[in-house]
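Quantities reported herein were computed from a predicted structural model and do not represent experimental measurements.
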Amino acid sequence: MSAAARWRDRVAASDPGLLRLAAGLRTVAAISLTLAVLSLLGADVQHLVAGAIAAMVATFAIREKQRPQQAVTLALGLPVALASVSLAAVLASRQVAGDVFFVVLIFCAVYGRRFGDRGTALGLIGFQVYFLALFVGVTTEDLAGFCGVIVLAFGCGAVARFVLVPQTPAGILERLRQAFRARLAQLIDAQLELLDAGPDDVDKALEHLREGTARLHETAMMIQGRLEEGTSDEAVARLVQRRIADAEITAERLGLLLLTARSAERADTLTLHLPGAPVPEGGQLPVRDEALDVLRRDLTALQLLVRHPEAEGAGTAQVRNRLLAYRDEENLPKASPAVQDVFRGLGEAARSVLGLRIALDGPLDESDDSPETARSREELDAEDAAIGAEQEEAETGLRRPTTRAAVQVAVGSSLAMVGGELLSSHRWYWAVLTCWIVFLNTASTGEILVKGYRRLLGTVLGVVAGIALAGVVGHHTWTAFAVVLLCVFAMFYTAPLSYTLSSFFVTAALGVLYTLLHTYSLSVLVLRIEETALGAVCGALAAALVLPVRTDRRTNELLTTVLDRLTDVTSAAVDQLSGGPPADLLDRARDLDQALADLRAATQPLTHPVTPLRTRRDTARYVVALLETCAYHARSLAATAELLPSHPSIAADPRLRGVGQRILHNIGAIAARVAGEPATAEVLSGPSIASLLKPGEYGTPRYGRVTDRVLRHLQRLDEAVLGLARPLGVKVARAA
C-alpha cells in the first residue's frame with residue numbers, strides 16, 4: 001500500500017465524511033474572501049474585523065443538510081443580522097434598555113431551538129451579530145457602513161458555501177462510506193495486533209481494539225443520519241443501511257472471537273465495551289501453529305479486500321473464495337474449537353464485506369467464483385430483493401426543554417451582565433457570551449458545569465498563547481489576519497473533538513484581534529479570563545437554581561429511554577425469529593443506538609476525570625458499558641432476524657419466543673425501577689438460556705442455523721441485563 005493511500009485512509013478515518021475539514025475550510029474561505037473584498041474597497045481595521053466575524057457567523061450558524069434549505073436560512077439570516085446590529089447601535093447609548101433587550105434577545109435565541117435547525121441558526125445569527133456590534137463598538141453614525149460589511153460578509157459566506165467549498169448530501173455520504181471502509185480496515189489491523197500481542201502488549205492491543213470498534217460504530221451512526229438525504233431511492237438507502245450494519249456486527253463479532261481464542265474461557269462481550277477491563281482470565285498468546293499462521297494471513301487478506309474494493313481479477317477472486325469457504329464446516333482448518341470459531345467469524349466478515357462492496361459499488365465479475373462464493377452471492381441477492389420489497393406526548397410550557405433552557409440562560413445572562421459590568425463597564429459582554437455558550441447543546445446542570453470548566457481551561461491556555469502571538473505579529477495587519485485564519489480553521493476542525501481546544505484557539509485569535517484594534521494589553525486578556533469564569537459560574541448557578549434538571553434526573557430519563565428501545569428491538573427480533581411477522585428491525589436498532597449515544601453524552605459529568613465521586617464514576621462507566629454490550633447483542637439479533645425471509649440455510653424456531661420472555665421481563669423490571677414507578681417486579685435469574693432450549697422435534701441445529709447462533713446472543717444479553725440489576729439497585733430473585 002502506497003504512502004499516499006495510507007495517508008488518505010488515515011484522513012478519511014480520523015475525519016469521517018471530511019466534515020470537520022470542510023467546515024474549517026468553508027469558514028476560512030468565507031473570511032478570506034470578505035477580507036479581500038473589504039481591503040480592495042479600502043476598509044479600515046475595525047470594518048475588517050467586523051467583516052471577518054460576520055462571515056464566520058454566517059458560515060457556522062447554518063446546520064441544514066440540504067442546499068436549498070441552507071440558502072433559505074442564509075437569506076433569512078441577513079435581515080435578522082441587520083436588525084440585530086441596528087438595534088445594538090441604537091441602544092448603545094441607552095445602557096438599561098440595551099441590557100434589557102440583550103437579555104430578551106438571548107431568551108428568544110435559545111427558545112428558537114424548538115423550531116429546528118433553522119430556528120437555531122437564526123437565533124445564533126441574532127445573538128452573535130449583536131455581540132459583534134458590542135465588540136467593535138458600532139454606533140448610529142457608522143451603522144450604514146457596518147450594515148454594508150454584514151451584507152458583503154453574508155454574500156461571501158454564500159459563495160464559500162455553494163461555490164468554493166461545496167458539499168452535497170450525496171457527496172458527504174460517499175465520503176462517509178469511504179471513512180467506514182477505512183475504519184473497518186483499521187479495526188482489522190487492531191485485531192491483527194491483538195492476535196500477535198505478547199503478555200506485555202496485550203492490554204494496549206485490547207485498548208486499540210476497543211477504540212477501533214467504537215470508531216467504526218460512530219461512523220455507522222453518521223451514515224445512518226445521512227442516508228435519507230444522500231440517496232435518491234428509499235430501497236437503496238435501506239440496502240446500504242443493512243450492509244453497513246452487517247459489516248459492523250461481523251467485525252465486532254470477529255474481535256470477540258479473537259479475544260476468546262486468547263482466553264481460557266469464552267470472552268465476555270463486556271470486555272470490548274468497558275474501559276480498562278483486562279483481557280479475560282487466562283489470556284495468553286495462542287500456540288504458534290500452522291492454523292494461526294493461516295489466520296494471520298487471512299486477516300491480512302480481509303483487510304486488503306476492505307481497503308481496495310475496486311481491485312478485481314483472478315487474484316482478488318481467489319482470496320475472496322478462500323475466505324468465504326470458511327462458512328462451510330468442511331473447509332475449516334484443524335485447530336482448537338476457539339480458533340475454528342475465529343475462522344467461521346472470518347468467513348462471515350468476508351461475506352459482509354462482499355455485500356458491502358456490491359451495495360456501494362455495484363455487481364462484480366462472477367466468472368472466477370467458487371461454489372461457496374456463488375452461494376454467498378445468492379443469499380445476498382435474495383436479501384436485497386426482500387429489502388427492496390419492503391408518537392410520544394410532547395412536553396409543554398416550562399417543561400419543554402427549549403423553554404426551560406431559555407429561561408435559565410436569560411437569568412444566567414442577567415447575572416453575568418451585572419457581574420460583568422462590575423468587572424468592566426466596556427467588556428462585560430464576555431461574561432454574557434460565556435453564559436450563553438455553556439447552555440448550547442447541554443441539557444443538565446452537570447453538563448453545563450463540565451462545559452464551563454472546559455471553556456475556562458481553554459480560555460486560560462488561549463490567553464497565554466494570545467500573549468505570545470500578539471508579541472510576534474505586533475501591528476502587522478495581514479500577518480495578524482493570517483494567524484487569525486489559522487486559529488479559526490483549527491477551532492472548527494477541533495470543535496467536535498475537544499471543546500477545550502476549540503476555546504483555546506478562539507481565545508488566541510481574539511488576542512490577535514485586540515492587537516489589530518489597538519486595545520491589546522495584558523490586563524485585557526486577564527479580564528477575559530475573569531469574565532469567562534464569571535459567565536461560567538452564572539450559567540451554572542442559573543442551571544442549578546432555576547427550573548433545574550439534575551444530572552441524575554436527566555440520565556435516568558435517558559436510561560429509561562434506552563431500556564425501552566432495548567425492549568422494542570429484543571421483543572421484535574425474538575418474535576420474528578420465532579416465526580412472527582416481519583418488522584422494521586434495523587430502524588429500531590438504530591433508535592436504540594441513538595438513545596445510547598445520548599445517554600453516553602449525558603453521563604460525561606459523572607465520568608469526567610476530575611469528578612471527586614470515584615465510585616459513582618466507575619458505576620456510570622460500568623452501566624454504560626453493559627448497555628453497549630446489550631445493544632451489540634440486540635443489533636445482532638435484529639440482523640439475524642432480518643435474514644429469515646430470504647436466507648436459505650436458516651429458519652424460524654418457535655421455541656425462542658419462550659426463552660426470550662425472561663429477558664424482556666428483566667428489562668421491564670429495571671426500567672420500572674429507574675423510572676421510579678411503584679413496582680414490585682424483580683429481576684429473575686435462573687438456568688442459562690441454552691439449557692432452557694432442549695433439543696426436541698426440531699433437532700439440534702448445527703453452527704450457522706438460527707437457533708445455535710441466536711442462543712449465544714440471547715445468553716449474553718441475558719447475562720448483561722442481569723448485570724445491570726446490582727448497580728441500579730434492583731432486587732434479584734431466582735426464577736422458578
_Trace of the side-chain contact (heavy atoms from CB on, under 4.5 Å) decision for V546 with R404_ = CA-CA 8 Å; V546 181; R404 181 174 56 241; over 6 Å; no
_Determine whether R161 and Q167 satisfy the following criterion, side chain to side chain donor-acceptor pair (under 3.5 Å), listing intermediate values before the conclusion._
CA-CA 8 Å; R161 175 176 296 276; Q167 278 190 306; over 6 Å; no
*Calculate, to the nearest 0.5 Å, the distance between atoms CZ and OG1 belonging to R113 and T403 respectively.*
11.0 Å
_Let me confirm one number: the OG-CZ distance from S503 to R455, rounded to the nearest 0.5 Å._
4.5 Å
_Salt-bridge criterion met for E447 and K451 (N-O under 4.0 Å)_ = no
*Under 30°, 30 to 60°, or over 60°: which ring-plane class applies to F102 and F127, parallel, tilted or perpendicular?*
parallel
*With L74, which of I125, I62, T59 fulfils side-chain contact (heavy atoms from CB on, under 4.5 Å)?*
I62
*When rounded to the nearest 0.5 angstrom, what distance separates CZ in R114 from OG1 in T120?*
12.0 Å
_I want to check something: taking the side chain as every heavy atom from C-beta on, are R20 and F492 in contact at a cut-off of under 4.5 Å?_
no
*Answer yes or no: is there a donor N or O on one side and an acceptor on the other, between the side chain of S84 and the main chain of G126, under 3.5 Å?*
yes
*Start with the C-alpha distance between E421 and Q95, add both sets of side-chain angles, then the distance that settles side chain to side chain donor-acceptor pair (under 3.5 Å), and finish with yes or no.*
CA-CA 11 Å; E421 288 184 347; Q95 183 174 353; 3.1 Å; yes
*If you measure from the Lys or Arg side-chain nitrogens to the Asp or Glu carboxylate oxygens, is any gap between D587 and R590 under 4.0 Å?*
no
*Which pair of non-hydrogen atoms, one from G137 and one from D142, has the smallest distance, and what is that distance?*
O-OD2, 4.3 Å
*In terms of the angle between their ring planes, are Y111 and F107 parallel, tilted or perpendicular, with boundaries placed at 30° and 60°?*
parallel
*Which heavy-atom pair separates L176 from T219 by the least distance, and what is that distance?*
O-CG2, 3.8 Å
_Quick check for you: to the nearest 0.5 Å, what is the distance between M222 atom CE and I172 atom CD1?_
9.0 Å
*Is a salt bridge present between E174 and R177, judged by a nitrogen-to-oxygen distance below 4.0 Å?*
yes
_side-chain contact (heavy atoms from CB on, under 4.5 Å) assessment of V512 paired with F481_ = CA-CA 8 Å; V512 179; F481 273 119; over 6 Å; no
_How long is the straight-line distance from CG of D591 back to CG of L596, given to the nearest 0.5 Å?_
12.5 Å
*asked:* V110 vs W436, test: side-chain contact (heavy atoms from CB on, under 4.5 Å). Steps then yes/no.
replied: CA-CA 9 Å; V110 176; W436 150 274; 3.6 Å; yes
*Find out whether M417 and L415 are in side-chain contact, i.e. whether some heavy atom of one side chain is under 4.5 Å from a heavy atom of the other.*
no
*asked:* Taking G17's backbone N and O only, do any of them form a donor-acceptor pair with R175's side chain (distance below 3.5 Å, no angle check)?
replied: yes
*asked:* Ignoring hydrogens, what is the shortest heavy-atom contact between A542 and Q408? Give both atom names and the distance.
replied: CB-O, 3.3 Å
*Check whether NZ of the Lys or CZ of the Arg R454 lies under 6.0 Å from the centre of the six-membered ring of Y499 and within 45 degrees of that ring's axis.*
no
*Step through it carefully: locate the ring centre of F505, locate the ring centre of F489, and say whether they are under 6.0 Å apart.*
no
*Report yes if the side chains of C147 and S86 come closer than 4.5 Å at any heavy-atom pair, otherwise no.*
yes
*Could you check if a side-chain atom of E218 sits within less than 4.5 angstrom of a side-chain atom of R183, using non-hydrogen atoms only?*
yes
*Which atom names give the shortest non-hydrogen contact between L38 and H47, and what distance separates them?*
CD1-O, 3.6 Å
*Euclidean distance, F115 CZ relative to L122 CG, rounded to 0.5 Å*: 11.0 Å
*Indicate yes or no for a side-chain donor-acceptor contact from T603 to the backbone of R600 under 3.5 Å, with no hydrogens or angles considered.*
yes
_Is any side-chain heavy atom of V72 closer than 4.5 Å to one of R118?_
yes
*Within-4.5 Å side-chain heavy-atom neighbours: T73 and D117*: no
*asked:* Quick one, Y130 with F101, criterion ring-ring contact (aromatic ring centres under 6.0 Å, His included). Give me CA distance, side-chain angles, the key distance, then yes/no.
replied: CA-CA 10 Å; Y130 197 95; F101 174 76; 5.6 Å; yes
*How close do Q70 and F162 get, heavy atom to heavy atom, and via which atoms?*
OE1-CE2, 3.8 Å
*Heavy-atom check, side chain of V103 versus side chain of D99, under 4.5 Å*: no
_Verdict with reasoning, W430 to F131, per ring-ring contact (aromatic ring centres under 6.0 Å, His included)_ = CA-CA 9 Å; W430 286 120; F131 171 81; 5.1 Å; yes
*Apply side-chain contact (heavy atoms from CB on, under 4.5 Å) to the pair W428 and L134, showing each step before the final yes or no.*
CA-CA 10 Å; W428 53 268; L134 296 175; 3.9 Å; yes
*asked:* Looking at every non-hydrogen atom in both residues, tell me the closest pair between L173 and I223 and how far apart they are.
replied: CD1-CG2, 3.9 Å
*T561 side chain vs E557 backbone, donor-acceptor pair below 3.5 Å*: yes
_Is any side-chain heavy atom of R528 closer than 4.5 Å to one of R427?_
no
*T168 side chain to G171 main-chain N or O, any donor-acceptor pair under 3.5 Å?*
yes
*Please check if the side chain of S414 supplies one atom and the backbone of A410 the other of a donor-acceptor pair under 3.5 Å.*
yes
